[in-house]
Amino acid sequence: MDLQQFLMCLSLCTAFALSKPTEKKDRVHHEPQLSDKVHNDAQSFDYDHDAFLGAEEAKSFDQLTPEESKERLGMIVDKIDADKDGFVTEGELKSWIKHAQKKYIYDNVESQWQEFDMNQDGLISWDEYRNVTYGTYLDDPDPDDGFNYKQMMVRDERRFKMADKDGDLIATKEEFTAFLHPEEYDYMKDIVVQETMEDIDKNADGFIDLEEYIGDMYSHDGNADEPEWVKTEREQFVEFRDKNRDGKMDKEETKDWILPSDYDHAEAEARHLVYESDQNKDGKLTKEEIVDKYDLFVGSQATDFGEALVRHDEF
Ligand SMILES: *[C@@H]1O[C@H](CO)[C@@H](O)[C@H](O)[C@H]1NC(C)=O
């Protein structure tokens, strides 16, 4: 298969991937978690490191000596202090954490950019995207591989237009990022909900009923009994998803389900980091205060002693 087909397959294959009947098929929900580690500072600061640096970057610090870690942290502090007043505020820290968390998204867009920007003008037009992604289909509109390219293309175009704020059908890097990762952008939330509903709402009545909800995560395995987690999901639907208890989820209820927004993890972490390192309790941090508590913010060989032992055993 060539690259175009592969790209299409990336989205399709995840959508159509068959799962074992008793295994839960997970829709991509936007869980704004900062780390998959447990947040227990009595044991380790791993969660804080992931939150502050992003999980990938956090790993790279674990190889450094404490001196090197402090030095790099000092350089980061200069970047966090956006207004250059010599203090890092809770707000600046929160923005930094949000940026660090999105780094993998920026990297992902960067890695795809060259391929779509055919004329290398630093912008990606809908025509460029369509030609690269659907060129094969457009040349041969009736391929025999069972995929509905037409429908996918219509859907992509709709999403592209939504991401393209100024309506010129040409995406800047920011707009293209919103196109590829709509769940990260407030102004794309409605289309994320719409696409999700179209996927699940098999009878196309504009609502997700209980059977459609279950059908999206579980395919019946002949006459086998429903596993326990499916029963739990049924209860979840009735108790929490279908808030107005009319037996089905409307747009708002679907939005609450896939894009929960009740808790700002970045803000909570920023507050926590300030609280833990603000020695003179003036509500903001100096570079010295941060570097003094460097092991809270970043790892190093010293704080990574246990892991180093494990790594040593492996070789
Ligand atoms: C897209 O493909 C069509 C048909 O081959 C061509 O006419 C058009 O110029 C292409 N557009 C871009 C931006 O490459």
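All residue numbers in this chain count up from 1 along the given sequence. Both counts, for ligands and for their atoms, begin at 1 and track the order of listing.
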> Quick one: side-chain contact (heavy atoms from CB on, under 4.5 Å) partners of Asp83, sequence neighbours excluded?
Asp81, Asp85, Glu92
> Could you check whether any side-chain heavy atom of Leu138 comes within less than 4.5 Å of a side-chain heavy atom of Asn131, counting everything from C-beta outward?
yes
> Which residue pairs pass the ring-ring contact (aromatic ring centres under 6.0 Å, His included) test when at least one of the two sits in residues 191-217, sequence neighbours left out?
Tyr213-Phe237, Tyr213-Trp257
> In residues 69-77, what donor-acceptor pairs under 3.5 Å come from side-chain atoms, sequence neighbours left out?
{"from": "Ser69", "atom 1": "OG", "to": "Gly299", "atom 2": "O", "distance (Å)": "2.7"}
{"from": "Arg72", "atom 1": "NH2", "to": "Glu57", "atom 2": "OE2", "distance (Å)": "2.9"}

> Has Lys243 got more than 12 heavy atoms of other residues, nucleotides or ligands less than 6.0 Å from its NZ?
yes
> Heavy-atom cut-off of under 4.0 Å around ligand 1: list whichever protein residues fall inside it, by chain and number.
Asp127, Glu128, Asn131
> Whether Asp199 and Arg155 form a salt bridge (side-chain N of Lys/Arg under 4.0 Å from carboxylate O of Asp/Glu) is what I want to check.
yes
